[in-house]
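Have a look at the structure below, then the notes.
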There are 2 protein chains.
Amino acid sequence: MTMPAKPFTSVWTREPRGRRGQGLNRDQIVRAALELLDAEGIDALSMRKLGARLGAGATSLYWHVANKDELLELAMDEVYREVRSPVGASWRETAGSVAWGLRGAILAHPWCVGLIGVLPSIGPNALVMSDRLVRACKEAGFQGIDIDFAVGAVIAYTLGAAVPEAAWRGLLNRAGESPCEAQKEMLPAIEGVAAGYPDLLERYKDYTAGGLDPLVARQIAFDYGLVALLDGLDARLPGAGPGMTTDTARDADRDTGRDTDSDAERPVPGTGRR
Amino acid sequence: MTMPAKPFTSVWTREPRGRRGQGLNRDQIVRAALELLDAEGIDALSMRKLGARLGAGATSLYWHVANKDELLELAMDEVYREVRSPVGASWRETAGSVAWGLRGAILAHPWCVGLIGVLPSIGPNALVMSDRLVRACKEAGFQGIDIDFAVGAVIAYTLGAAVPEAAWRGLLNRAGESPCEAQKEMLPAIEGVAAGYPDLLERYKDYTAGGLDPLVARQIAFDYGLVALLDGLDARLPGAGPGMTTDTARDADRDTGRDTDSDAERPVPGTGRR
DNA sequence: AGTCAACTCGCACACTGTTCGAGGAGAAGA
DNA sequence: TCTTCTCCTCGAACAGTGTGCGAGTTGACT
């Protein structure tokens with residue numbers, strides 16, 4: 001039997017319903033969802049509450065949106081909309097600006113931390129973000145698949161930095177007090193847990209003792225890693241001087257106990273290309 | 001009224017209960033949870049199902065574990081346990097090895113994608129991972145807070161790369177067929193959605209048309225970014241030649257429309273230090 | 001034998017996402 | 001105007017969910 005070739009639909013491939021223009025429509029639902037999410041977090045978003053907020057029955061929403069996940073996909077894309085970037089800037093400026101913008105957007109909508117990377121991000125706004133990065137890298141001189149690599153690296157770093165930071169902020173805020181106070185308050189707990197790791201503990205104490213606003217500290221940390229990454233990518237640009245190029249721990253899983261049968265966890269040998 | 005100074009407890013600060021040694025205990029619960037999670041994914045983990053699997057009532061679990069989130073924290077830490085790294089290696093080897101190991105662990109337990117960075121990661125195994133990285137960076141020559149920056153950057157990049165990849169693999173697998181087939185299958189959808197972004201589309205076609213196994217492609221991509229990041233960090237080591245040091249888009253939110261009142265989204269000026 | 005802590009668990013509560021089918025409302029055609 | 005048909009809404013119901021509570025059981029120690 002030949003496969004019926006299922007078409008792989010998504011929210012973005014289906015037209016929004018509701019062309020009669022009265023009553024509910026998709027945009028207004030998404031807007032209300034965002035309000036709720038921003039105000040009360042992801043646990044507060046239920047179809048019933050959302051319906052009530054719109055003066056509608058909970059199940060009415062299902063006419064406009066296939067299910068809750070689709071609704072969240074739509075909401076996520078609105079987050080990506082906030083990522084602006086300058087036009088006509090250098091590739092480093094563009095990349096940095098997208099990175100900072102993405103970080104800012106995530107921090108401004110902390111409910112998205114559990115969704116990022118989990119829901120597919122192929123909405124229009126996510127696409128314009130990607131497109132900007134792709135174009136910047138292309139103009140910079142990256143070629144072929146290296147463009148994807150560079151774009152992917154910048155996005156990966158940014159997501160990986162912003163998501164835990166957003167969650168961490170949530171923790172600090174829940175305590176009520178100022179971030180700085182809260183951080184000091186959980187020191188005894190950390191001390192108990194991290195006993196036996198003197199280096200680690202020293203780092204934590206250093207970090208908190210400086211009196212530096214933790215929020216600012218994270219900014220500096222983010223910048224540090226971002227600059228390092230961009231430097232490293234720059235060096236990979238054709239025409240750049242011979243960037244320092246060691247290959248990364250190619251024997252990474254020689255001593256990881258896992259049985260990586262034929263799956264792809266295994267680092268490819270001889271990388272560190274260009 | 002003086003604050004009662006709430007102690008900030010967590011799973012890791014409380015002794016596991018069940019010292020009588022009979023019936024349930026925390027370890028065995030966590031093990032069963034991991035089995036369930038690995039076998040059927042995160043949606044399949046309910047307290048009732050887990051209880052049944054252990055031949056116990058659902059609510060019995062609550063004697064050993066405060067709530068489901070704590071249980072997931074415990075499970076997550078078991079994932080970090082799988083991250084091994086060589087001893088006595090260079091800092092690059094250690095960093096690379098931790099990065100590959102962390103990626104591998106996440107890909108091996110895709111149920112954790114929605115948890116990473118969301119649940120606090122201060123379990124013992126997460127700590128040994130951090131500690132290894134900290135020590136490596138310290139021995140490499142990083143000093144003071146730069147150690148945290150370097151460690152944070154490597155982890156951020158790795159998480160940000162691995163989480164979406166794990167989710168993406170889940171998508172491909174759900175389709176049933178080989179990843180390569182599945183990727184081609186969703187091309188028409190992508191084409192429809194990404195019309196208007198020729199550069200983006202070209203990239204996607206390039207990416208799929210090469211005939212390269214998508215899993216391997218992601219490996220190479222991961223390595224590319226990792227090497228770039230490590231190169232960039234290397235250049236920041238005291239004593240390294242004058243690494244290229246531009247500051248990243250410091251005007252990132254000049255033109256982001258957001259009103260960043262006094263919050264910390266705003267990039268600090270004049271970074272790109274060292 | 002009695003006591004007390006450690007532990008288990010059924011019941012119940014307040015919710016959740018989603019399906020289904022009955023119905024209303026407005027436009028289009030007769 | 002009446003009918004028909006499509007679009008759209010929504011109440012009821014289902015099959016779950018995490019978890020608080022209080023009664024009950026078990027086993028070791030006095």
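The chains referred to below are lettered A, B, ... by the order of the sequence lines, with proteins before strands, and numbering in each begins at 1.
- Side-chain atoms of B:Arg48 and base atoms of D:dG16 include no donor and acceptor less than 3.5 Å apart.
- Distances shorter than 4.0 Å separate none of the side-chain N or O atoms of A:Ser60 from OP1 or OP2 on D:dC8.
- Between B:Arg169 and B:Glu165 there is a salt bridge, since a side-chain N of the basic residue sits under 4.0 Å from a carboxylate O of the acidic one.
- Remark: the backbone N or O of A:Tyr204 is paired with a side-chain donor or acceptor of A:Thr208 at under 3.5 angstrom.
- Whole-Å rounding puts the B:Lys68 NZ to D:dT17 C1' distance at 8 Å.
- Using a distance-only test at 3.5 Å, with no hydrogens or angles considered, no donor-acceptor pair links the side chain of A:Tyr62 to the main chain of A:Lys68.
- Regarding A:Met47, its CE atom lies at a distance of 11 Å from the P atom of C:dT16, rounded to whole Å.
- Using a 4.0 Å heavy-atom cutoff across all strands shown, A:Gly18 reaches sugar-phosphate atoms only and no base atom.
- Going from atom CG of A:Leu50 over to atom C1' of C:dT16 covers 14 Å, rounded to whole Å.
- B:Leu45 comes within contact range of the sugar-phosphate backbone alone, with a heavy-atom separation under 4.0 Å but no base atom that close.
- Separating the CD atom of B:Gln28 from the C1' atom of C:dT8 is a distance of 13 Å, rounded to the nearest angstrom.
- Looking only at distances, no side-chain donor or acceptor of A:Tyr80 sits under 3.5 Å from a matching main-chain atom of A:Leu102.
- Take the nearest nucleotide of DNA chain C for A:Thr59 and for A:Ser46: the residue whose nucleotide is more 5' is A:Ser46.
- Separating the NZ atom of B:Lys49 from the P atom of D:dG18 is a distance of 10 Å, rounded to the nearest angstrom.
- Where A:Ala66 and A:Asp43 meet DNA chain C, the nucleotide closest to each residue was compared, and A:Asp43 sits on the side nearer the 5' end.
- A donor-acceptor pair under 3.5 Å is formed between the side chain of B:Asn125 and the backbone N or O of B:Asp77.
- To the nearest angstrom, C1' of C:dG17 lies 12 Å from CG of A:Leu71.
- In this entry the distance linking OH of B:Tyr62 with P of D:dG18 reads 6 Å, nearest Å.
- The phosphate of D:dC8 (OP1 or OP2) has a side-chain N or O of A:Trp63 nearer than 4.0 angstrom.
- Across all strands, B:Ala58 comes closer than 4.0 Å to no nucleic acid atom at all (heavy-atom distances).
- As rounded to whole Å, 12 Å separates atom P of C:dA6 from atom NE2 of B:His64.
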